[in-house]
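First the proteins, then the strands, lettered A, B, ... as listed; each starts at 1.
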Amino acid sequence: MKKATNFYDKKAGSRILLVYWYILFLIVAIVVLITTSLFYSGAIDVKEAEAKILHDKIVECLNNHGKLNSEIDYNDVNSLIKKCDFYLNAENMANYFFLIHIYDKNDDIIKTLKFGQPSIKLDCDMNTKRVTGRTIAGCSEREMFARQQNIFPEKSEEIKINIFTGVRK
Amino acid sequence: MLIKNKKGVDDLLFMTLAFLFFVTVFGLSVLYFASHSKNAAVLQEEIYAKKIALIIDSARPGTKVILDVSELVDIKEKNKYASTSPIIHIDNDGHWIQVNLGVKGGITYSYFNDVHVVWGVEGNKLTMDIKKK
């Protein structure tokens with residue numbers, strides 16, 4: 001009689017253990033479901049790649065064999081947009097931003113050209129990827145050096161150009 | 001006593017088999033879910049729309065690009081509910097690309113390079129001839 005009681009106790013114990021197994025599997029299933037959903041819910045992010053292409057295109061049209069392109073009117077950003085063959089206008093200015101600072105050799109700003117939504121730069125400066133795990137805007141910032149003579153006559157021949165580009169779609 | 005033991009062994013065998021069956025079904029379900037959690041058509045629409053936009057953005061006038069779109073063609077052919085609309089459309093005036101496999105109306109993505117794209121899909125290949133506007 002005593003043995004039989006033990007046997008039934010063991011059986012009951014293994015059943016309880018089995019319930020725990022099922023609960024464990026349920027937890028694993030929920031974790032897989034949530035992780036996979038989070039992984040695939042994000043869009044494929046090409047904003048940074050676009051910002052780099054925009055950057056390269058600006059460098060390409062500002063630079064004329066090491067000299068600053070004299071065909072651009074540096075008082076008018078639309079002249080740069082036209083010269084670079086960009087389709088950037090009021091319709092899509094919320095998606096793109098570029099900021100160009102031209103410095104003389106004393107690091108004084110000679111000219112600033114900008115287009116688009118300045119808050120894109122703020123999104124990049126905040127480094128949202130580190131905080132949220134996702135990029136709100138893709139950005140690129142680099143410097144280039146060039147020479148100029150007649151574009152800014154009273155300024156130094158050697159100039160530094162800082163170009164920042166950002167894309168947020 | 002013998003009968004009782006035999007019943008216990010039968011119970012244990014049944015429980016073990018049931019458990020193994022459950023584990024197998026569970027494992028297969030998780031694998032199936034993980035591999036099919038995002039519709040392949042929607043994913044490929046997004047990949048190709050953005051890929052084509054980046055190609056156009058980075059291209060200089062005079063560039064000719066031939067892109068293999070066999071993945072898109074295969075998905076469209078397998079999907080019997082797909083609409084008859086073209087897989088790819090490039091709008092030169094609006095500067096956008098639409099990749100549509102007929103599942104959810106397609107994905108549209110814009111580009112900023114102000115060029116004229118002469119394009120066409122022949123078989124599994126998309127040809128793009130980038131020209132100055």
Side-chain angles (χ1 to χ4, degrees), chain A residues 1 3-4 6-8 10-11 14-15 17-18 21-22 24-26 28-58 60-61 81-89 91-93 95-96 98 115-116 165 167 169, chain B residues 1 4-5 7-9 11-12 15-16 18-20 22-23 25-27 29-40 42-61 91-96 107-116 130-133:
Chain A
M1 191 66 189
K3 274 183 184 175
N6 274 345
F7 172 76
Y8 283 114
K10 273 184 188 170
K11 199 178 170 187
S14 69
R15 273 184 181 162
L17 200 66
L18 206 63
W21 269 105
Y22 285 120
L24 194 73
F25 278 115
L26 195 72
V28 171
I30 291 166
V31 169
V32 169
L33 191 112
I34 292 168
T35 315
T36 321
S37 305
L38 279 174
F39 181 78
Y40 284 114
S41 64
I44 296 157
D45 194 352
V46 293
K47 292 189 282 282
E48 204 171 315
E50 268 191 279
K52 280 181 181 162
I53 292 170
L54 181 62
H55 191 283
D56 290 346
K57 289 266 169 183
I58 291 173
E60 222 169 81
C61 62
I81 289 169
K82 200 176 172 190
K83 182 69 194 164
C84 296
D85 288 328
F86 292 154
Y87 181 74
L88 298 176
N89 50 33
E91 278 174 46
N92 58 11
M93 73 182 294
N95 300 333
Y96 298 96
F98 66 76
F115 170 86
T165 54
V167 175
K169 284 187 185 177
Chain B
M1 192 64 193
K4 202 179 261 183
N5 274 348
K7 193 175 175 293
V9 169
D11 272 2
L12 190 69
M15 294 285 266
T16 310
F19 188 70
L20 281 174
F22 174 78
V23 169
V25 170
F26 173 80
S29 311
V30 168
L31 274 177
Y32 181 83
F33 173 76
S35 58
H36 290 77
S37 55
K38 187 155 189 179
N39 193 321
V42 178
L43 185 69
Q44 290 302 326
E45 279 175 350
E46 193 178 344
I47 289 171
Y48 275 88
K50 291 182 176 178
K51 196 185 276 186
I52 296 165
L54 290 183
I55 289 171
I56 295 173
D57 274 340
S58 54
R60 288 178 183 173
D91 190 297
N92 280 301
D93 296 322
H95 296 75
W96 51 262
I107 299 273
T108 305
Y109 203 73
S110 62
Y111 57 90
F112 64 80
N113 199 5
D114 197 13
V115 287
H116 183 77
I130 317 284
K131 296 185 172 181
K132 199 170 172 69
K133 260 193 173 175

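- Taking A:Leu33, A:Asn92, A:Leu88, A:Thr35 one by one and counting their heavy-atom pairs under 4.5 Å with chain B, the maximum is reached by A:Leu33.
- Nearest heavy atom pair, residue B:Asp57 against residue A:Glu50, reads OD2-OE2, 3.6 Å.
- Between chain A and the options B:Asn113, B:Val30, B:Val115, the largest number of non-hydrogen pairs under 4.5 Å is found for B:Asn113.
- A side-chain donor-acceptor contact under 3.5 Å links B:Lys50 to the backbone of A:Ile44.
- In terms of non-hydrogen atom pairs under 4.5 Å with chain B, the most contact-rich of A:Leu54, A:Asn95, A:Val32 is A:Leu54.
- Residue B:Ala49: no heavy atom, backbone or side chain, is found under 4.5 Å from chain A.
- Interface residue A:Glu60: only side-chain heavy atoms are found under 4.5 Å from chain B.
- Looking at B:Tyr111, the atoms closer than 4.5 Å to chain A (heavy atoms on both sides) all sit in the backbone: N, CA, C or O.
- For A:Lys57, the NZ atom sits in a packed shell: over 12 heavy atoms of surrounding residues, nucleotides or ligands are nearer than 6.0 Å.
- Contact of A:Ile81 with chain B is not made at all, since no heavy-atom distance falls under 4.5 Å.
- Of the atoms belonging to A:Lys169, it is side-chain heavy atoms, and not backbone ones, that fall under 4.5 Å from chain B.
- With a 4.5 angstrom heavy-atom cutoff, B:Ser110 touches chain A via backbone and side-chain atoms both.
- Checked for salt-bridge contact, B:Lys132 and A:Asp85 meet the test: a charged N lies under 4.0 Å from a carboxylate O.
- No close placement of the B:Phe112 and A:Tyr87 rings is indicated, their centers lying 6.0 Å or farther apart.
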